[in-house]
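This report concerns only the one structure given below.
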Amino acid sequence: MKKVSLSDSGPKVSEAIYGFWRWTDEGSVTTANIEKTINLCLELGINTFDHADVYGDFTIEEHFGKIIRNKSFKREDIVLFSKCGIRHSENGNLKYYDTSRDHIINSINGSLKRLQTDYLDIFLLNCSDFLTDPEETAGALAEVVKSGKAKHIGVTNFSVFQHQLLASYLRIPIVTNHIELNLMNTSAIEDGRIDYIKQCFSKPLAWAPLAGGKILNGTDEHAVKLRAKLQEIGTKYDANIEQTAVAWLMKLGTLPIIGSQSESRIRNAASASAIRLSNQDWYEIYDVSKKD
């Protein structure tokens with residue numbers, strides 16, 4: 001799998017990215033399981049890994065850090081993302097957002113400690129916080145880059161206006177926006193987020209590329225029609241439904257974030273980078289993706 005520039009200011013990342021948001025600390029997550037997945041990704045050419053402080057109730061970064069410490073691979077051979085901004089109330093009943101300076105600084109320090117690394121390649125805000133002064137947020141992001149704790153910054157789930165607002169307070173670029181994008185949810189195409197990210201000379205990152213499995217297993221009429229079209233088009237490329245759905249995202253210039261723990265699904269997503277859909281086939285699939 002080739003490496004591509006995420007933006008005109010860097011860094012280079014694999015065409016598919018592995019994200020840990022589906023890993024939860026329910027007894028089945030172990031350092032060994034995560035190391036097995038990392039090794040599979042590296043074997044397939046996926047060298048870019050996406051974390052957040054809260055994943056697995058603050059445990060996933062810690063597992064990953066143990067693997068870094070054991071030197072199973074060189075730190076400089078991987079690209080490491082992490083995010084902050086989501087918080088939970090003490091009783092766990094409320095999720096809310098916090099991009100204040102104190103939370104940003106405390107969060108990146110915590111992530112670096114858990115990951116046992118000196119820097120992140122990209123540090124992202126995990127959703128926009130309506131209450132924090134954007135100048136304060138921008139100042140904190142500039143601070144973590146100036147200190148060397150992060151090489152680049154990005155955002156997640158930002159609208160065009162939220163993206164523009166934060167960028168207006170920064171002198172450093174926002175190198176990407178992680179957005180939900182798949183054939184069951186193409187709103188990022190219609191509402192201008194894809195266009196704006198590209199206007200910023202960046203590549204969008206698409207999370208939930210298979211709509212949480214709905215593209216493969218959904219029973220509603222929309223999913224069934226979409227699956228039939230993917231199967232029809234995929235036959236031309238000797239590709240299965242999953243590979244074709246991911247290739248559709250890549251044709252748009254987006255980089256899928258894989259979250260599955262299934263070896264076959266990880267392999268399918270990685271191999272999709274070799275599929276080059278024609279423009280006509282891309283639009284045929286897109287046309288079916290839109291609900292009547």
Side-chain angles (χ1 to χ4, degrees), residues 1-2 13-52 54-57 59-64 66-67 72-73 78-83 156 178-185 205-220 222-224 226-231 233-235 237-252 254-275 277 285 289:
M1 180 179 295
K2 71 179 182 180
V13 299
S14 48
E15 286 185 294
I17 291 160
Y18 191 84
F20 288 92
W21 79 93
R22 296 195 188 280
W23 292 71
T24 57
D25 189 35
E26 298 175 347
S28 60
V29 177
T30 66
T31 303
N33 287 342
I34 291 178
E35 185 167 19
K36 181 180 178 181
T37 297
I38 294 169
N39 288 337
L40 172 63
C41 288
L42 294 174
E43 172 196 328
L44 297 172
I46 300 170
N47 76 332
T48 307
F49 299 95
D50 178 57
H51 291 271
V54 295
Y55 288 169
D57 195 20
T59 63
I60 304 303
E61 287 181 326
E62 190 171 347
H63 286 298
F64 201 97
K66 291 176 182 177
I67 299 165
S72 299
F73 48 81
I78 65 168
V79 181
L80 204 53
F81 302 175
S82 196
K83 302 181 287 295
T156 303
H178 291 205
I179 53 174
E180 181 179 3
L181 177 63
N182 54 64
L183 283 162
M184 300 288 288
N185 180 0
L205 271 63
W207 62 268
L210 296 173
K214 291 178 183 177
I215 290 173
L216 300 176
N217 306 312
T219 56
D220 61 281
H222 183 213
V224 171
L226 180 58
R227 197 155 51 242
K229 176 56 68 174
L230 288 168
Q231 187 169 24
I233 298 294
T235 301
Y237 300 89
D238 194 24
N240 59 33
I241 291 168
E242 189 170 355
Q243 290 168 317
T244 308
V246 175
W248 184 89
L249 289 169
M250 291 178 165
K251 176 73 172 178
L252 185 60
T254 64
L255 308 180
I257 305 178
I258 309 162
S260 177
Q261 297 177 41
S262 162
E263 179 177 340
S264 63
R265 288 193 174 180
I266 296 171
R267 288 186 180 277
N268 279 334
S271 61
S273 64
I275 300 168
L277 296 177
I285 295 169
S289 77

Checking side chain to side chain contact (heavy atoms under 4.5 Å, CB included) for the pair Ile34/Val29: CA distance, chi angles, key distance, verdict?
-> CA-CA 7 Å; Ile34 291 178; Val29 177; 3.9 Å; yes
Quick one: salt bridge (charged side-chain N to carboxylate O under 4.0 Å, His left out) partners of Lys229, sequence neighbours excluded?
-> Glu232, Glu284
Separation between [atom1] of [X] and [atom2] of [Y], rounded to the nearest 0.5 Å:
| X | Y | atom1 | atom2 | result |
| --- | --- | --- | --- | --- |
| Leu80 | His51 | CG | NE2 | 5.0 Å |
| Asn217 | Ile241 | CG | CD1 | 9.5 Å |
| His178 | Trp207 | NE2 | CH2 | 11.5 Å |
| Leu183 | Leu249 | CG | CG | 6.5 Å |
| Lys251 | Ile275 | NZ | CD1 | 12.5 Å |
| Arg22 | Ile258 | CZ | CD1 | 12.0 Å |

Is any NZ, NE, NH1 or NH2 atom of the basic residue among Asp50 and Lys83 found under 4.0 Å from an Asp or Glu carboxylate oxygen of the other?
-> yes
Heavy-atom closest contact ([X] atom, [Y] atom, distance):
| X | Y | answer |
| --- | --- | --- |
| Met1 | Ser14 | SD-CB, 3.9 Å |
| Cys41 | Ile266 | SG-CG2, 4.3 Å |
| Glu35 | Ser72 | OE2-OG, 2.6 Å |
| Thr31 | His63 | OG1-ND1, 2.8 Å |
| Thr244 | Ala239 | OG1-CB, 3.7 Å |
| Ile46 | Ala270 | CD1-CB, 4.1 Å |

Pairwise side-chain contact, [X] with [Y], heavy-atom cut-off 4.5 Å (strictly under):
| X | Y | answer |
| --- | --- | --- |
| Phe73 | Ile38 | yes |
| Leu205 | Thr254 | no |
| Trp21 | Ile257 | yes |

Would a line drawn from the ring center of Phe81 to the ring center of Phe49 be shorter than 6.0 Å?
-> no
Checking side chain to side chain contact (heavy atoms under 4.5 Å, CB included) for the pair Leu230/Ile285: CA distance, chi angles, key distance, verdict?
-> CA-CA 7 Å; Leu230 288 168; Ile285 295 169; 3.9 Å; yes
Classify the angle between the aromatic ring planes of Phe20 and Tyr18 as parallel (below 30°), tilted (30 to 60°) or perpendicular (above 60°).
-> perpendicular
Gln261 side chain to Thr37 side chain, donor-acceptor N/O pair below 3.5 angstrom | no
Begin with the C-alpha distance, continue with both residues' side-chain angles, and end with the deciding distance and a verdict on side chain to side chain contact (heavy atoms under 4.5 Å, CB included) for Ser273 and Met250.
-> CA-CA 7 Å; Ser273 64; Met250 291 178 165; 3.9 Å; yes
Checking Asn268 side chain against Gln243 main chain: does a donor-acceptor pair fall under 3.5 Å?
-> no
Sort and list the pairs that fulfil salt bridge (charged side-chain N to carboxylate O under 4.0 Å, His left out) and have at least one residue in residues 264-275, not counting sequence neighbours.
-> Glu43-Arg267, Glu263-Arg267
